[in-house]
Every structure is written in C-alpha cells, then in structure tokens.
Amino acid sequence: MGSFLLEDSMSFSERVYHVVQQIPKGCVVTYGQVAALIGAPRSARFVGYALHSNPYPGIVPCHRVVFKDGALAPGFAFGGPEEQFRRLSEEGVEFTTHDDGIRRVILERYQWRMG
DNA sequence: CGGCTGACACGAA
DNA sequence: CTTCGTGCCAGCC
C-alpha cells in the first residue's frame with residue numbers, strides 16, 4: 001500500500017479501484033480528481049460507472065468519492081446517499097447543509113491531496 | 001456479436 | 001445565472 005504505480009496492463013476501471021483504495025480514512029476525492037490521477041481527465045463520468053460496478057465491496061472505499069462541489073452521488077449502490085453520508089460522518093468528515101437541504105462535504109477541509 | 005445505458009465535469013451559448 | 005453538448009469505459013440484454 002502507499003504505491004500509486006499504475007501499470008500499463010491495468011484497464012481503466014482497475015486503475016480507478018487502485019487509486020480509490022489509496023484514499024485515507026476521513027478524506028474524500030472528487031470523480032474528476034480520480035479521472036485526472038489515472039490519466040483520463042476527460043472520463044470523469046466513467047469513474048462513477050466503474051465504481052457502481054464496485055467488484056470489491058469493503059475493499060474499495062467508494063463512499064469517499066463525491067461530486068466536484070462536495071455533494072453525494074444520487075444513486076449510491078449501498079443504500080443511497082444516506083448510507084454514504086453515514087459512513088463519511090463516521091470517519092469524521094463534516095458537511096454543510098444548503099438551504100434546500102443539499103448536504104455537501106467541506107472540501108476545503110477534507111479533500112485528499114496527493115502530496 | 002451489436003447496441004444501450006449508467007455514481008460526472010466542464011466549456012460554450 | 002442556466003442549459004446543452006461532448007468525452008468514449010464496461011457490464012448487460
């Protein structure tokens with residue numbers, strides 16, 4: 001662990017899982033950020049598709065991946081955004097609540113940075 | 001084997 | 001400020 005080495009033999013989705021696995025507890029990353037890390041900045045949406053398939057439940061912390069604005073994915077596969085919210089709260093991640101009730105992660109404080 | 005569709009992001013109008 | 005088009009992976013009919 002701790003290695004960000006991406007081999008050529010890895011497919012797009014394998015790279016996604018590889019990167020997401022490195023996200024520390026209590027931190028979040030955006031879909032676009034993951035896409036950029038695997039060298040496919042134009043494929044942010046496919047990152048989400050790959051995670052939806054999530055072949056490694058409990059291994060790939062897909063709940064730590066959020067929208068660019070900090071909002072949660074509407075179709076989270078584990079039990080909806082509510083479950084994702086609970087998991088992140090459990091790790092100490094804090095949210096702001098919009099007037100309309102839209103919860104957003106405070107990215108300024110919890111977005112993971114590589115370095 | 002071909003086509004549909006799904007956890008996003010961003011520039012242009 | 002809002003709306004629309006494009007990018008182009010992978011599993012499932």
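All values below come from the heavy atoms of this structure, side chains included, with hydrogens, waters and symmetry mates left out. Just so we're on the same page: letters track the sequence lines, and every chain starts at 1. The shown structure was predicted, so the numbers you read here are calculated from the model rather than taken from an experiment.
Under the salt bridge (Lys or Arg N to Asp or Glu O under 4.0 Å) criterion, the residue pairs touching residues 64-85 of chain A are A/Arg64-A/Glu91, A/Glu82-A/Arg103, A/Glu83-A/Arg86, A/Glu83-A/Arg87, with sequence neighbours excluded.
Taking a 4.0 Å limit (strictly below) on heavy-atom distances, residues 32-44 of chain A reaches DNA chain B at A/Gly32, A/Ala44.
What separates CZ of A/Phe67 from C1' of B/dG6 is a distance of 12 Å, to the nearest Å. Taking atom CZ of residue A/Phe46 and atom P of nucleotide B/dT5, one finds them 15 Å apart after rounding to whole Å. Between A/Leu51 atom CG and B/dA7 atom P there is a gap of 12 Å when expressed in whole angstrom units. As a whole-Å value, the separation of A/Tyr17 OH from C/dC9 P is 14 Å. In this structure, CE of A/Met10 is placed 13 Å from P of C/dA10, rounded to the nearest angstrom.
In this structure a side-chain-to-backbone donor-acceptor pair under 3.5 Å is missing from A/Tyr49 to A/Ser13. The backbone N or O of A/Val65 sits less than 3.5 Å from a side-chain atom of A/Gln84, completing a donor-acceptor pair. Side-chain N or O atoms of A/Arg15 include one that pairs as donor or acceptor with a backbone N or O of A/Glu7 at under 3.5 Å.
Among the nucleotides C/dA10, B/dC10, B/dG6, the one closest to any side-chain atom of A/Arg45 is B/dG6.
Remark: A/His18 NE2 to A/Leu5 CG distance equals 6.5 Å, nearest 0.5 Å. In this structure, A/Arg104 CZ and A/Thr97 OG1 are separated by 11.0 Å, a value rounded to the nearest 0.5 Å. Atoms OH and CD1, on A/Tyr17 and A/Ile38 in that order, are 10.5 Å from each other to the nearest 0.5 Å.
Counting any heavy atom pair closer than 4.0 Å across all strands shown, A/Tyr49 reaches a base atom. At the heavy-atom level, A/Phe12 lies under 4.0 Å from the strands shown only through sugar-phosphate atoms.
Atom P of C/dC13 sits at a distance of 15 Å from the matching atom of B/dA7, rounded to the whole Å.
OP1 or OP2 of B/dC8 has not a single side-chain nitrogen or oxygen of A/Lys68 nearer than 4.0 Å.
In this structure, A/Tyr31 does not count as stacked on the base of B/dA9 under the 5.5 Å centre distance and 30° plane angle limits.
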